[in-house]
Amino acid sequence: MLTVTAPATSANLGSGFDVFGVAFDRPLDVVRVERAPETTIEVSGVGSQYIPTDPAKNTAGVVAQELGTPARIVIDKGVRPSSGLGSSAASAAAAAVALSELYDTDHTREDLVWVAAEGEAAVSGSAHADNVAPAIMGGFTVVREDGVESVDAKVPLVACLPETVVSTREARGVLPSTVDLSTMTETVGNAATLTIGMHRNDPELIGQGMAESTVTPARAALIDGYERAVEAATAAGATGVTVSGAGPALLAVTHQGDQRAVAGAMVDAFESIDIDARTFSTMIGSGATVH
Ligand code: HSE
């Protein structure tokens, strides 16, 4: 069977709501495919009991339908569903790259971002390409209505996933529908600062540019222990901390050498209020990889 891996991702990075994304180097979803008369889905791994195997309801199945590439699709989940770490995007991204390779379609990686986003839309109800873009293209990505840009960056990250459930639907439901002009100006300034930071591999600029005062506070209120974890991570050396995607995971940016301290500080902060948490220390990584 043809095997493709695709990584966990973090969307938004604070100031880039529905626009920015980064690929991790782990955890990963592993998707294996072989040609078949009709599409079937098998799922194992972390949280697999929550993943539908009906191809019409599974992101990878919808991708196969969109591409016209029926296949036996075997998914080994490494990215926990409903985590804020792009779980459904990882499966959709790996499936899109795998099926395109299997049937030798002439889609570019950018084409496959929009195919995988359709897979996400069919399953979650809303198409956000800000997780599938880094899962397919790797690095730091910027998604617009009609295009996607990516750039490699070498920056240490710590993702912290508390044992808390926040649905994307709930996390979008708490957002205001408008922002005022001064807030917009502040957010654009921060997003631009973050983008320069990615080009310079500068964790200080990236951390400053993650600041955002509309989406992040609304969602932080859904995550018990959020403020405590941010304070602890910052004291341990994080240059910026925000909600990863729709949450409940948090994303911290650090200098090289500070990841272990930042990860430990966040776990301790959650454990101090009896919430288990696990962390992933990673660099900004590559996108989907054919093995
Ligand atoms: N940008 C999306 C959000 C990512 O924050 O709601 C999660 O789908």
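Numbering of ligands and ligand atoms starts at 1, following listing order.
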Exercise. Considering residues at least two apart in sequence or located in another chain, which fulfil the side chain to side chain contact (heavy atoms under 4.5 Å, CB included) criterion with Y50?
Worked result: none
Strictly by modelled atom types, are [X] and [Y] linked by a side-chain donor-acceptor pair under 3.5 Å?
X: T105; Y: S100; value: yes
X: H128; Y: R172; value: yes
X: T53; Y: E42; value: no

For this session: Establish, yes or no, whether a centroid distance under 6.0 Å links the rings of F140 and F20.
Result: yes
For this session: Between R172, R169, E120, flag the one that comes closest to atom 6 (O) of ligand 1 by a heavy atom.
Result: R172
For this session: Would you check the N or O atoms of R219, main chain and side chain alike, for any that come under 3.5 Å of an N or O of ligand 1?
Result: yes
Exercise. What are the atoms of ligand 1, with element, lying closer than 4.0 Å to any heavy atom of D130?
Worked result: 1 (N), 2 (C), 4 (C)
Exercise. Please state which protein non-hydrogen atom is closest to atom 2 (C) of ligand 1 and give its distance, to 0.1 Å?
Worked result: D18 OD1, 3.2 Å
Seminar exercise, completed: the protein heavy atom lying closest to atom 8 (O) of ligand 1 turns out to be H128 CD2, 3.5 Å
Exercise. Side chain, backbone, both or neither: which part of V215 has a heavy atom under 4.0 Å from ligand 1?
Worked result: neither
